[in-house]
Amino acid sequence: MTGKQQILLLKPGFTEFSIEKNLLSSTPYELVVVSDVTNLASYISNPLVIAIITTRVPITSDIVQCISPSCRVVTRLGVGFDLLNVKACLQRNIIACYVPDYGTNEVADHAVALLFAAHRRLSLFHRSIVEQKLWNLEITGTNIQSLYTLNLGVIGMGRIGSCFATKMRPFVKEIFSYDPVAPSNCTSIDEIYENCDIISLHIPLTPANYHLISSNSINRMKRRPILINTSRGAVVDTQALIEALKNGQISYAALDVLENEPEIDPELIKLDRIQLTPHVAWYTQQAEIALRTKAIQDILRVMNGERPLYPVPIQD
């Protein structure tokens with residue numbers, strides 16, 4: 001250690017830190033990578049700490065109480081901020097930040113890819129050929145409908161949801177969108193449940209959105225839709241989804257996020273009509289550079305006495 005003030009990076013999913021170090025090279029701050037958080041309190045209570053960046057480590061109220069009074073910022077390295085106890089941070093005069101505007105096209109593109117893969121049953125065909133040596137379209141049944149005849153429902157019309165809807169508009173019959181805040185064309189989420197053949201989720205994980213897709217909401221879906229989720233795993237009740245895939249209420253699910261990731265429910269992966277990717281919708285090299293750069297730049301703004309560009313919105 002050099003005695004410089006510290007920006008802690010908790011359990012990063014990467015091993016090369018030149019982006020952060022280059023941005024900090026002319027500042028009085030150094031990056032300290034904490035890969036093992038077993039003794040996290042000893043790091044975050046250090047009076048040299050002025051900021052904390054987390055990727056996967058929850059910043060709970062108990063953790064916030066251990067943070068040094070010198071810490072000015074806690075940043076979630078990503079779009080979601082459900083890992084941050086924002087209220088506890090504010091009570092300690094710590095600014096909570098996140099990075100909401102990176103990877104928009106990447107996540108929207110991934111949702112498009114999942115939609116096409118699910119609609120065309122690509123994983124089912126692949127497994128039937130590789131595992132069973134079958135060369136037969138009827139492995140999926142013969143009820144695949146032309147995409148241009150289907151209605152698409154988009155739940156959540158923020159940056160990613162609206163980008164996804166724009167990309168999909170030429171391919172589907174009609175788009176139904178619902179968002180309680182952003183502009184959308186449905187006044188009720190039930191309009192999507194009743195009218196849509198494909199439903200794609202683009203919403204943050206908030207208390208109101210926890211298990212939004214539940215047995216109750218699935219029972220209100222009239223058209224045995226394909227379900228796509230690139231937002232947060234816990235907006236879908238996994239057990240309700242498994243049951244719906246088994247009984248046909250959901251015809252197919254394409255998921256980039258899971259409720260208890262990286263743990264995978266063994267019943268889920270036994271099912272045929274599912275496509276999984278490991279929370280990679282956000283990733284391209286360009287998106288990763290943007291994410292890490294924006295996080296450091298916002299911390300430096302705060303330390304320079306400026307307002308951050310990306311404070312976490314205050315939830316009621």
| Does Y98 have any ring-ring contact (aromatic ring centres under 6.0 Å, His included) partners at least two apart in sequence or in another chain, and if so, which? | F81
| message | Ring of Y102, cation from R292 - is the NZ or CZ under 6.0 Å from the centre and inside 45° of the axis? | response | no
| said: Quick check on the hydrophobic clustering: are V235 and I218 connected, directly or via other members, by side-chain heavy-atom contacts under 4.5 Å? | reply: yes
| note | Under a side-chain separation threshold of 4.5 Å, the hydrophobic residues clustered together with V181 are none
| task | Please examine the side chains of L227 and L201, heavy atoms only from C-beta on, and report whether any two atoms are closer than 4.5 Å. | result | yes
| field | Joint cluster assignment, L291 & F17, ILVMFWY side-chain distance < 4.5 Å | value | yes
| said: Using the salt bridge (Lys or Arg N to Asp or Glu O under 4.0 Å) criterion, which residues pair with E174? Sequence neighbours excluded. | reply: none
| query | Residues in side chain to side chain donor-acceptor pair (under 3.5 Å) with E138, at least two apart? | reply | none
| Do N46 and Q6 pass the side-chain contact (heavy atoms from CB on, under 4.5 Å) test, and can you show the C-alpha distance, the side-chain angles, and the key distance before you say yes or no? | CA-CA 9 Å; N46 187 330; Q6 298 176 1; 3.8 Å; yes
| How far does CD1 of I95 sit from CZ of R307, to the nearest 0.5 angstrom? | 8.5 Å
| said: Are V49 and L40 linked, directly or through intermediate hydrophobic residues, by side-chain heavy-atom contacts shorter than 4.5 Å (ILVMFWY only)? | reply: yes
| message | If hydrophobic clusters are built by linking Ile, Leu, Val, Met, Phe, Trp and Tyr wherever their side-chain heavy atoms come under 4.5 Å apart, do V257 and V57 end up in the same one? | response | no
| task | For I213 and L241, run side-chain contact (heavy atoms from CB on, under 4.5 Å): C-alpha distance rounded to whole Å, both residues' side-chain angles, the deciding distance at 0.1 Å, then the answer. | result | CA-CA 8 Å; I213 304 302; L241 175 61; 5.8 Å; no
| Given K246 and E267, is the salt bridge (Lys or Arg N to Asp or Glu O under 4.0 Å) satisfied, shown in steps? | CA-CA 10 Å; K246 287 180 176 178; E267 289 299 309; 3.4 Å; yes
| Hydrophobic clusters join Ile, Leu, Val, Met, Phe, Trp and Tyr when side-chain heavy atoms are under 4.5 Å apart, directly or via other members; which others share one with I198? | V112, L114, L115, F116, L124, L147, L150, L152, V154, M157, F164, M168, F171, V172, I175, I226, I228, Y252
| field | Pairs involving residues 95-118, ordered by first then second residue, that meet salt bridge (Lys or Arg N to Asp or Glu O under 4.0 Å) (sequence neighbours left out) | value | D101-K294, D109-K167
| query | Hey, does I94 have a side-chain heavy atom less than 4.5 Å from the side chain of R72? | reply | no
| field | Crowding at CD, Q285 (>12 non-hydrogen neighbours, <6.0 Å) | value | no
| task | Start with the C-alpha distance between E194 and R223, add both sets of side-chain angles, then the distance that settles side-chain contact (heavy atoms from CB on, under 4.5 Å), and finish with yes or no. | result | CA-CA 7 Å; E194 292 169 4; R223 304 176 74 136; over 6 Å; no
| said: By the definition side-chain hydrogen bond (donor to acceptor under 3.5 Å, both in side chains), identify the one residue from T284, T230, T277 that meets it with H110. | reply: T277
| query | Honestly curious: do I67 and L83 fall in one hydrophobic cluster under the side-chain, below-4.5 Å linking rule? | reply | no
| message | Other residues, nucleotides and ligands only: do more than 12 of their heavy atoms fall within 6.0 Å of CZ on R127? | response | yes
| said: What I'd like to find out is whether the side chain of Q239 reaches to under 4.5 Å of the side chain of E259, using heavy atoms alone. | reply: no
